[in-house]
Amino acid sequence: MNSRVEELTLEEKAGLVSGAAFWTTRSVQRAGIPAITMTDGPHGVRMQRQGEDHLGINDSEPATCFPTASSTGSTWNPALLHQMGAALGDESRALDVDILLGPGVNIKRSPLCGRNFEYLSEDPFHAGVLGAAFVQGVQSRGVGSSVKHFAANNQETDRMRIDAQVDERSLREIYFPAFERIVREASPATVMCAYNKVNGTYASQNEWLLTDVLRGDWGFDGYVVSDWGAVVDPVAAVAAGLDLEMPSNGDRSPAAIVAAVRAGTLDEGLLDKAVSRILNVHERIRDSQESGASADFDAHHALARTIAADGAVLLANDGDLLPLSPTEGGQIAVIGEFARTPRYQGAGSSHVNPTRLDDAFTQISALTSRTVEFAPGFSFDGAGDDVLHLDAVDLASRSEVVVLFLGLPDRDESEGFDRTHLLIPDTQRDLLSKIAGVNANVVVVLSNGGIVTLDGVSGVAPAILEMWLAGQASGGAAADIIFGVSEPGGRLAETIPLDLAHTPAHVNWPGENGAVRYGEGLHVGYRWYDATDRPVAFPFGFGLGYTFFSHENLVVTVPDSTVARATVQVTVTNTGDRAGSDVVQVYVTDNAASVVRPVRELKGFEKVRLEPGEARVVSVELDERSFAYWGADGWTVEPGAFTIQVGSHSQNLPLSEVITLDVEAPAAVLDESSTLREWAAHPVGLVVLQGAMTKMGQPADALTNDESLPLFGTMPLRTLLGFAQQSAGASFSVDEVVAQLLAAVKAASGAGESRQ
Ligand code: BGC
């Protein structure tokens, strides 16, 4: 307990767990407790000195708008995320911000989520590794991070009150692990709870979520802040483990908390704990802050450009159309309003006021001595597009190559609402088809946060470059890639399906009557497409580069087969004639699981940059969690064979090795409703059961022989005994007999029988 807590009055404590204003906490001057400032996040510092709002409406101080998570997630580059976090930390300090609200690590459950641009991945391991690096970067500069939105905030529809109904196993294996990894590896200052309910209880009032799981299971030692306006009942929130309600609602919440403590309906000890956690974190942040904070905005603009290129995914490059020569060749037509008016960030609370803004047309012109001409091609509102199409097609017909900027307009995706389709607007696809009719050399460059299905683009344009919403330097990064100054370094963090109807959450989206059922369970993203054998347009992990790589000599070492650990080594060689980076991806399959498990799951990856001809041995460690599922007794690894697959994306895994783990089998536990088959499969249960049969003058295997077992195996033993009692007219108590048998099993098994 923080020693300051006992100096404080009840009123002061109740004040400290509720904000002072939109972005600040309360101070207690008498006790020397200062206020701190927090702000969004995640890809830029949105510091508002006046006109505060959490919807991205009013302006904020200029700050670097880094690529959004749609782009940073696609980098597969934790080192770069760390650098970006550190830069954000510096800018936060320069703008007097103590806690930056990000990263967003909710899983991209459906591509329709309007806020997918702010989330890193459809895969929990991937989101966790990148998120942890980001948090470590931010916090290395004396600024706290706030990991959001905990938990199961995977849609915008009805987000303030929808009940996300998710089975525990899917929470533990899909929706929690990114938070868990970040908590364990990066000790974030705060975790932000979600608006929605999780299995019937608001996240802000969910004791299981905030206290049992977050603190009990994972050892979180920071504090939980509410999403802005997420608290419905401030007293229930403190009781459940929420520490700080944001923003302020005046004296309403503090007064309710004081009244509840006085009335004896809220334990003051719980309030003390919340205050203590807040004070501890704020002291820790202040202690780590060095004086004289400054930020190098020029360097950050350059870093934003590097990250944007590293997250850009080259989806197609037929005939090696890209990169273009900067010096040789005829006219380049740059077409599309996005090339002049970039779409580089999403709308809502993450909206940043950029320090400057690169447009692609200017940047392309700056990098080449070839003639470059621009035509808008379409407008964002569709007005007058017929004429714009004509001009653009004319330009295309007079040019050697066309670089066509397409994408989603702002109104199609945002915080606050979900998307209704995955298509690029008709006018843009129509324009592409007309341009492709007059010029075969079309490079499409895309700007969108969530994925688009590429209907009318794939197969029409020979080259497709997905830039995402890539921040204030995205125009420069696109130009770098187009001319080969940078390579497209990105790999998909979200599967691109062939059709919306193929997506995992399709029949459970976005819910009804206040609830959304996560009916697809564990099968999110590539797990779904793999399990249902459904073809996709572009698989998870996919992305082309400008060079080629070979993967050879896979060696999987298991130092001790009774422990679930392995080291995966593979030699990567750059077989092309340019430098470039490759993402080695490692997937694990449980070959003979007793429960449903995904076909394969990403459990390791490493991005390596190699010169032409250079080779390197990449080493990836697999830990116990790499093999485990969430079972009735917690994380469980079953003994047996596991296949380790290695390759360049989730559907190109040419190298594989099978390993065998001799870990102890999870102890089966018999109870009152165990079936005959479960008794027969239990080593001690079988002996006890057979002994009982002998005592009753029956053959020992009367129930467990090859005829009885298939017939009666699925019946609980007590039901079977009940039938036997009825037909024999016997007077024994079925419940007593079952209890005696269970006691005999327990006695014979000793301590080994207990659940871990
Ligand atoms: C968003 C959060 C954000 C907060 C403060 C909320 O509407 O969901 O992500 O941090 O506002 O702006």
Side-chain angles (χ1 to χ4, degrees), residues 18-25 36-61 63 65 68-70 88 92 95 97-108 113-120 127 131 134-135 138 143-162 164 178-179 182 188-198 202-204 222-232 242 244-249 345-353 413-418 449 469:
S18 182
F22 228 87
W23 304 116
T24 49
T25 61
I36 66 113
T37 302
M38 46 185 77
T39 197
D40 291 300
H43 51 264
V45 183
R46 193 168 74 94
M47 173 58 183
Q48 294 181 308
R49 299 222 189 258
Q50 46 195 311
E52 300 175 338
D53 73 279
H54 67 297
L55 303 169
I57 297 167
N58 295 311
D59 252 358
S60 49
E61 295 293 305
C65 180
T68 68
S70 56
L88 286 167
S92 300
L95 290 163
V97 172
D98 304 290
I99 293 179
L100 189 70
L101 306 176
V105 298
N106 294 99
I107 293 297
K108 297 177 199 256
C113 175
R115 218 174 169 183
N116 273 358
F117 72 88
E118 241 184 289
Y119 300 142
L120 289 165
F134 177 97
V135 170
V138 171
V143 173
S145 190
S146 192
V147 188
K148 62 195 191 181
H149 309 88
F150 190 56
N153 178 185
N154 308 97
Q155 65 185 57
E156 292 299 282
T157 307
D158 209 11
R159 69 167 167 159
M160 305 284 291
R161 52 182 195 174
I162 192 99
F179 291 96
I182 295 169
T190 76
V191 165
M192 185 190 292
C193 78
Y195 283 127
N196 49 282
K197 301 184 190 103
V198 179
Y202 280 107
S204 61
Y223 69 78
V224 181
V225 57
S226 73
D227 198 346
W228 267 230
V231 171
V232 178
L242 182 98
L244 176 64
E245 176 184 4
M246 286 299 286
S248 166
N249 63 14
Q345 64 174 329
S349 62
S350 65
H351 198 269
V352 177
N353 178 12
E413 56 178 346
S414 166
E415 176 178 344
F417 60 85
D418 288 318
L469 301 183

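As the structure lists them, so they are numbered: ligands from 1, and atoms in each ligand from 1. These numbers come from the heavy atoms of this one structure, side chains and all, not from hydrogens, waters or symmetry mates.
Residue-ligand proximity, K148 to ligand 1, at heavy-atom distances under 4.0 Å covers atoms 2 (C), 3 (C), 9 (O), 10 (O). Each of the following atoms of ligand 1 lies closer than 4.0 Å to a heavy atom of S349: 1 (C), 2 (C), 3 (C), 9 (O), 11 (O), 12 (O). Every atom of ligand 1 with a heavy atom of R159 under 4.0 Å away is listed here by number and element: 7 (O), 8 (O). Using a 4.0 Å cut-off to heavy atoms of L101, the atoms of ligand 1 that qualify are 10 (O). For ligand 1, the atoms closer than 4.0 angstrom to any heavy atom of E415 are 1 (C), 6 (C), 7 (O), 8 (O). Of all the atoms in ligand 1, the ones that sit under 4.0 Å from a non-hydrogen atom of W23 are 5 (C), 12 (O). Atoms of ligand 1 found under 4.0 Å from any heavy atom of M192, numbered from 1 in the order shown, are 10 (O).
Side-chain atoms of S226 come within 3.5 Å of backbone atoms of M246 as a donor-acceptor pair (strictly under, hydrogens ignored). Proximity of a side-chain donor or acceptor of S204 to a complementary backbone N or O of A230 within less than 3.5 Å is detected. Judged by distance alone, the side chain of Q48 and the main-chain N or O of Q50 form no donor-acceptor pair under 3.5 Å. When atom types are taken as modelled, the side chain of E415 and the backbone of S349 share a donor-acceptor pair closer than 3.5 angstrom. Judged purely by atom type and a 3.5 angstrom limit, D418 uses its side chain to pair as donor or acceptor with the backbone of G114. Proximity of a side-chain donor or acceptor of N153 to a complementary backbone N or O of Y195 within less than 3.5 Å is not detected.
Proximity of R115 to ligand 1 is established by a heavy-atom distance of less than 4.0 Å. Not a single heavy atom of F22 sits closer than 4.0 Å to an atom of ligand 1.
When hydrogens are left out, the protein atom nearest atom 7 (O) of ligand 1 is Y195 OH, 2.9 Å; that is the closest non-hydrogen contact. Closest to atom 4 (C) of ligand 1, if we only count protein heavy atoms, is D227 OD1, 3.4 Å. Of the protein's heavy atoms, D40 OD1, 2.6 Å lies nearest to atom 10 (O) of ligand 1.
The environment of R161 atom CZ is sparse: at most 12 non-hydrogen atoms of other residues, nucleotides or ligands sit within 6.0 angstrom.
Contact annotation for M246 and ligand 1: no heavy atom of the residue comes within less than 4.0 Å of the ligand.
For a threshold of 3.5 Å applied to N or O pairs, the pair formed by W228 and ligand 1 contains no separation below that value. The distance criterion of under 3.5 Å between nitrogen or oxygen atoms is not met by E118 with respect to ligand 1.
Judged by the 6.0 Å distance and 45° axis criteria, K197 is positioned over the aromatic ring of Y202.
Side-chain contact between D40 and W23: present, with at least one pair of heavy atoms (C-beta onward) separated by less than 4.5 Å.
Just one of I99, T37, V97, T39 meets the side chain to side chain contact (heavy atoms under 4.5 Å, CB included) condition when paired with S92; it is V97.
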